[in-house]
Amino acid sequence: MTQETRSFQAEVSRLLDIVAHSLYSQKEIFLRELISNASDACDRLRYAALTEPALAEGDTSYRVVLSPDKSARTLTVADNGIGMNRAELIENLGTIARSGTAAFISQLSGDARKDMSLIGQFGVGFYSAFMVAKKVEVKSRKAGESEGWRWVSDGKGEFTIEPLPEAARGATIVVHLREGEDEYLEPARLSRIVSTYSDHIGLPIVLKDGGKEETINTASALWTRPKSEITQEQYNEFYHHVGHSFDDPWLTLHAKAEGVLEYTSLLFVPSAKPFDLFDPERKSRVKLYVRRVFITDEGTNLLPAYLRFLRGVVDSEDLPLNISREMLQSNPMVARIRQQLTKRILTELGKKANELPEEYVKFWDNFGAVLKEGLYEDREHREELLTLTRFRSTVRNGLVSLDEYVTAMRPGQEAIYTITGDSLDVIKQSPQLEGFRARGVEVLLMTDPIDEFWVPAIGSFKDKSFKSATRGGVDLDKITPPEDRKDEKSEPPAKLASLIAIFKLALGDAVKDVRSSDRLTDSAVCLIADEGDMDMHFERLLKQHRQLDTMSKRILELNPHHKLIERLAATVGEAGASDQLSEFAWLLLDQARIIEGEQLPDAAAFARRLSTVLERGLSAAA
């Protein structure tokens, strides 16, 4: 096979362009990323060789070697890890085969400074080399295979790949430096970078210079060291390595469990959302080691899916080295580790929430929607999770806990009221909230899809049931309003019952019922779901995702104290009023649908009725 030229996937080309031309202030992180990849490759071969010793070819002294060449102006990063074959070079270096890539790329703006922070959430890894390279060359042979390969690119849209029979096992990355990047040829500079970013790597990082070799890192797994000997900077750099992330951790959890079950955990809560947080597969990103030997970072079952935002490692002293990924799913020791880790994480999050509530707001805004999945899925830890939940509400500017909500309930209030929707701005304007505001009743604003599932699954908190503000069965008259809001309401119109009867006759099967409302103060009408029916927002959500064919019929509520309803009621019995009131019934129903964000079933009829009413009004004014 001769040399072949291929184009990068469009997403890769865009990433490379931003990375290569960014003004990122710490270009040296490219070396951290290449060393991290090399370390991972060695870890994977060490594990594979447990069951297939021939893969290691008798060379089990895993290491990463840095070789600067001033005359050639190249920096080489080599490892004797698992390596890549032709297909893997094309897939790993020419495409981004990761779920969520397209959505991630769509967020890039073209502003290099802003986009670099976003790319940091994605983890650029290998591509960061193009911040300093005019060309990158990769020579690789996969363990257990005889063919070697050479991959070359200048990062401008294409790469070449060709056979390389002499390629050694592992990967050798040759970075051809741009003009002005000579600092990465200086041994002292390389040593400082490794000391700063990669000292925690658990295998030797060797600097080759003029025939001399020197190990320039501590070469001991960071999590095995006593906490008293580790600085926050070292924790941060280990997080960057294990999470392939650019942000610093929001919370660091380092613990050693001793006794019947022995393991060490070093876990991090990110300070920024990982780009794949809502990937449908909900994969954990925590790596499993057994006695310092990497086992896997997929399907470990070490943490529940609702804690998938955590990054880090768990190192067990008790699990067998040859444990398979299938065995991990049912291993009782893994189940116990999972239970203990989950409890510890939730306890630490609780401490943060109580001691540093302002800091906790940042965490909740990033990961609250994911954490709430546990309320639906994890009965065992439901109580702890409920204490961690926070909500926006109609009363406060900040977040409120369920405990704070219950403490502040109005006299006569017997339920925790909620309203769900697609965005805070939209649901804050919902007419169904008017009566609650008038009585000083706080309503929790819920905009995460998971809210539709956990709320009915739990049902109540501290004997206070959850009730939707958009459903029937809400009796606001029982709730005592604040002293400054005890305004006496006027009597409802005398002919209100007759108006409701006319509306019911006109609308027929289009609605489930028409009734007077005690929840409206400013709006003329609103739609609500009957007490036993599905929440309106949830039903719309299911319809959008084609999980529901038909929508339930709604109840149309009329505000008896609204000027329009009073005027309409006053016309009942007048000559010709019945037909006009029927038109108004449909107009008001469509108005309520529009407010709810629902599509009108007959937009042309709505426009025709509106034109007729406007024309009639203008004629009367003339």
Side-chain angles (χ1 to χ4, degrees), residues 394 409-410 412-421 426-446 451-453 455-461 464-481 489 492-493 496-497 499-543 548 550-562 565 585-586 588-598:
T394 53
M409 284 171 62
R410 298 292 309 157
Q413 182 181 345
E414 297 174 351
I416 299 169
Y417 291 106
T418 66
I419 184 169
T420 56
V426 170
I427 56 178
K428 281 179 180 176
Q429 305 304 317
S430 296
Q432 292 97 335
L433 295 177
E434 292 169 4
F436 293 91
R437 286 197 179 96
R439 287 167 176 77
V441 176
E442 189 168 19
V443 179
L444 301 179
L445 310 173
M446 299 188 175
D451 293 325
E452 301 285 6
F453 297 91
V455 173
I458 286 177
S460 64
F461 175 77
K464 303 293 182 184
S465 60
F466 288 96
K467 274 197 174 181
S468 171
T470 63
R471 270 210 188 102
V474 173
D475 190 353
L476 292 175
D477 285 336
K478 289 182 178 178
I479 301 172
T480 307
K489 284 185 178 179
L496 179 64
L499 178 68
I500 288 174
I502 292 170
F503 273 29
K504 282 183 182 180
L505 190 63
L507 299 175
D509 290 340
V511 293
K512 193 169 191 177
D513 196 7
V514 181
R515 64 174 65 152
S516 178
S517 175
D518 67 349
R519 76 182 75 217
L520 294 173
T521 59
D522 301 317
S523 301
V525 291
C526 73
L527 286 171
I528 64 163
D530 203 358
E531 190 170 2
D533 288 348
M534 193 182 296
D535 183 81
M536 292 197 297
H537 177 256
F538 187 36
E539 198 169 66
R540 283 200 301 274
L541 207 63
L542 293 178
K543 187 95 164 45
L548 199 66
T550 57
M551 304 275 279
S552 303
K553 291 183 173 61
R554 307 295 183 206
I555 296 169
L556 180 67
E557 287 198 345
L558 311 184
N559 180 358
H561 309 291
H562 194 277
I565 302 302
W586 283 103
L588 287 171
L589 173 60
D590 282 343
Q591 176 186 311
R593 287 168 170 160
I594 291 169
I595 292 169
E596 284 302 313
E598 294 184 2

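The first residue in the sequence is number 1, and the count goes up from there. Being a predicted model, the structure only gives us computed values, none of them experimental.
Closest heavy-atom contact between Pro481 and Ala438: CB-O, 4.1 Å. Minimum heavy-atom separation, Gly435 to Leu476: C-CD1, 3.8 Å. When every heavy atom of Phe538 is checked against every heavy atom of Met534, the shortest pair comes out as CD2-CG, 3.7 Å. Looking at every heavy atom in both residues, Pro560 comes nearest to Ile565 through CA-CG2, 4.4 Å. Of all heavy-atom pairs between Arg471 and Asp533, the closest is NE-O, 2.7 Å. The shortest non-hydrogen separation linking Ile427 to Thr420 is CG2-O, 3.7 Å.
The shortest side-chain heavy-atom distance between Ile595 and Pro431 falls under the 4.5 Å cut-off. Residues Glu452 and Leu542 form no side-chain contact, since every pair of their non-hydrogen atoms from C-beta on lies 4.5 Å or further apart. Side-chain contact between Asp477 and Arg439 is present, with heavy atoms from C-beta onward closer than 4.5 Å. Between Thr521 and Arg437 the shortest side-chain heavy-atom distance does not fall below 4.5 Å. With a 4.5 Å cut-off on side-chain heavy atoms, Val474 and Tyr417 count as touching. Within the 4.5 Å cutoff, the side chain of Thr394 has no heavy atoms near those of the Lys428 side chain. The shortest distance between side-chain heavy atoms of Phe466 and Ile458 falls below 4.5 Å. Between Arg540 and Met551, some side-chain heavy-atom pair lies under the 4.5 Å cut-off.
When atom types are taken as modelled, the side chain of Glu442 and the backbone of Phe436 share no donor-acceptor pair closer than 3.5 angstrom. Looking only at distances, a side-chain donor or acceptor of Asn559 sits under 3.5 Å from a matching main-chain atom of Ser523. Glu557 places no side-chain N or O within 3.5 Å of a backbone atom of Leu520 that could act as its donor or acceptor partner. Distance alone, capped at 3.5 Å, is enough to place a donor-acceptor pair between the Ser517 side chain and the Arg519 backbone. Not one N or O on the side chain of Gln591 forms a donor-acceptor pair closer than 3.5 Å with the backbone of Arg593.
Salt-bridge annotation for Lys553 and Asp530: absent, with no side-chain N of the basic residue lying under 4.0 Å from a carboxylate O of the acidic one. For the pair Glu596 and Arg554, the salt-bridge criterion is not met [side-chain N within less than 4.0 Å of a carboxylate O].
Partner Ser552 forms a side chain to side chain contact (heavy atoms under 4.5 Å, CB included) with one of Lys512, Met536, Glu539 and no other, that one being Glu539.
In this structure, CD in Glu598 is found 10.5 Å from CG in Asp590, a value given to the nearest 0.5 Å. The distance from the CD atom of Glu414 to the CD1 atom of Ile479 is 8.0 Å, given to the nearest 0.5 Å. Expressed to the nearest 0.5 Å, how far OG of Ser468 lies from CD of Glu531 amounts to 11.0 Å. Annotation: the span from Ile419 atom CD1 to Leu433 atom CG amounts to 4.0 Å, rounded to 0.5 Å. Within the model, atoms CG of Asp513 and CD1 of Ile555 stand 5.5 Å from one another, a figure rounded to the nearest 0.5 Å.
Side chains of Asp535 and Thr470: a donor on one and an acceptor on the other come within 3.5 Å.
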